[in-house]
Amino acid sequence: MKAMVLAAGLGVRLRPLTDTMPKPLLPIAGRPLLVWNLLLLQRHGITDVLINLHHLGDQIVQAIGDGTRFGLRVAYSHEPELQGTGGGIRQAAPFLKDGPFLVLNGDTLSACDLTGLIAAHRAGKALATLALREDPEAARWGPVTVDADSRILQINGAPPLAPHAEPLPAPCMFAGIHVMEPAVLDAIPPGPGSIIDVYHALIGKGLVLRGWRMSGYWSDIGTRERYEQAERDAAEGRLAIS
């Protein structure tokens, strides 16, 4: 299976750190954030990886190269204009279209069991399977509602929920890690956009997306406070990659 790491963002909330360094290269325990993600992929047997680039992208190419020293084959998708999560994936379609593929956010730090996620996707026969986390602040992150069979009914409040006879499980949050079928690529409209909007449209058409509950370490390195917390987590040995 191939993977795409989304690494083109501006890292606005981490300025001034990201004025001269792209967020995916910020060090955690002396290792760039992006490298943590690449090693996670490698340890789960994923060796063909594409990274999209925009802000200070040349620094990422210089740091990662062709991926050989990480046991990977790394390619790049350059975005002169930011395409968003949907447009960026669509631009990478020539690399990804051969079969199911995994996408993860380059600004998250995770010990997600990617092998388990991929197995669940294959068993669930869905267009996409999203890694979900139980979190008391799921509503703040963007809640994902699933039914008892792990079918996703709603993401961030859309599309509207149909009445259900049985109570639904409490919403989770999307961890920024997902497996997709190539058919999703055909559903992404041209131009910049969000993959979540694409998921809304697919759910609205009655197509099957599923959620998979992950456990283990996860952090979004979106603010200075969360970056500093991740540094403390690393110092305490909490970042073991499974």
Side-chain angles (χ1 to χ4, degrees), residues 1-12 14 18 20-26 32-42 44-110 112 114 117-118 121 127-131 174-199 201-202 220-222:
M1 180 175 288
K2 294 179 178 178
M4 180 176 185
V5 181
L6 300 174
L10 300 175
V12 173
L14 278 164
T18 51
T20 56
M21 177 182 289
K23 180 162 63 169
L25 292 186
L26 291 175
L33 175 57
L34 179 57
V35 172
W36 284 97
N37 283 304
L38 293 177
L39 292 176
L40 178 67
L41 292 169
Q42 192 272 339
H44 286 274
I46 298 172
T47 54
D48 290 285
V49 182
L50 180 120
I51 303 170
N52 70 334
L53 305 173
H54 176 72
H55 176 60
L56 302 175
D58 288 346
Q59 290 187 29
I60 293 176
V61 176
Q62 291 170 8
I64 305 302
D66 64 3
T68 301
R69 68 181 182 278
F70 307 110
L72 303 171
R73 292 181 290 271
V74 174
Y76 298 94
S77 176
H78 296 265
E79 297 179 12
E81 295 184 7
L82 274 174
Q83 295 299 302
T85 53
I89 294 169
R90 178 186 171 91
Q91 181 172 303
F95 179 86
L96 300 170
K97 66 183 180 180
D98 298 335
F101 57 91
L102 185 142
V103 176
L104 58 84
N105 292 344
D107 59 358
T108 58
L109 189 60
S110 166
C112 181
L114 301 180
L117 171 61
I118 292 166
H121 176 75
L127 276 179
T129 303
L130 283 62
F174 174 42
I177 306 167
H178 33 161
V179 181
M180 303 180 203
E181 291 295 318
V184 175
L185 297 169
D186 298 328
I188 303 174
S194 167
I195 192 63
I196 299 301
D197 291 337
V198 176
Y199 286 161
L202 294 174
D220 166 73
I221 313 298

Enter the distance from [X]:[atom1] to [Y]:[atom2] here, rounded to the nearest 0.5 Å.
| X | Y | atom1 | atom2 | answer |
| --- | --- | --- | --- | --- |
| S110 | I177 | OG | CD1 | 4.0 Å |
| L202 | M180 | CG | CE | 10.0 Å |
| L114 | Q42 | CG | CD | 11.5 Å |
| D107 | N37 | CG | CG | 8.5 Å |

State, with a plain yes or no, whether a side-chain heavy atom of [X] is found less than 4.5 Å away from one of [Y].
| X | Y | result |
| --- | --- | --- |
| H121 | E181 | yes |
| T108 | I221 | no |
| V5 | L50 | no |

Minimum heavy-atom separation for [X] to [Y], with atom names?
| X | Y | value |
| --- | --- | --- |
| M1 | I46 | O-CG2, 3.3 Å |
| G88 | M4 | O-CE, 3.4 Å |
| A7 | I51 | CB-CG2, 3.7 Å |
| I60 | P22 | CG1-CG, 3.8 Å |
| V74 | G67 | CG2-CA, 3.6 Å |
| T20 | L56 | C-CD1, 3.4 Å |

Quiz item: Between T85 and I195, is there a donor-acceptor pair closer than 3.5 Å when you use the side chain of the first and the backbone of the second?
Solution: yes

Quiz item: So, Y76 side chain and G65 main chain: donor-acceptor pair closer than 3.5 Å or not?
Solution: yes

Self-check item: Pairs satisfying salt bridge (charged side-chain N to carboxylate O under 4.0 Å, His left out), at least one member in residues 49-76, at least two apart
Solution: D48-R73

Self-check item: Short side-chain donor-acceptor distance under 3.5 Å, E81 and H54
Solution: no

Practice problem: Could you list the residues that satisfy side chain to side chain donor-acceptor pair (under 3.5 Å) with Q59, not counting sequence neighbours? | Solution: none

Quiz item: Mind checking what makes ring pair (Phe, Tyr, Trp, His ring centres under 6.0 Å) contact with H178, not counting sequence neighbours?
Solution: F174, Y199

Can you list, pair by pair, the side-chain donor-acceptor contacts under 3.5 Å of residues 90-105, counting residues two or more places apart and other chains?
{"residue": "R90", "atom": "NH1", "partner": "I188", "partner atom": "O", "Å": "2.5"}
{"residue": "Q91", "atom": "NE2", "partner": "S77", "partner atom": "OG", "Å": "2.9"}
{"residue": "Q91", "atom": "NE2", "partner": "H78", "partner atom": "O", "Å": "2.8"}
{"residue": "D98", "atom": "OD2", "partner": "K2", "partner atom": "NZ", "Å": "3.3"}

Practice problem: For D197, enumerate each residue passing the side chain to side chain contact (heavy atoms under 4.5 Å, CB included) test, keeping only those at least two apart in sequence or located in another chain. | Solution: S194, H200

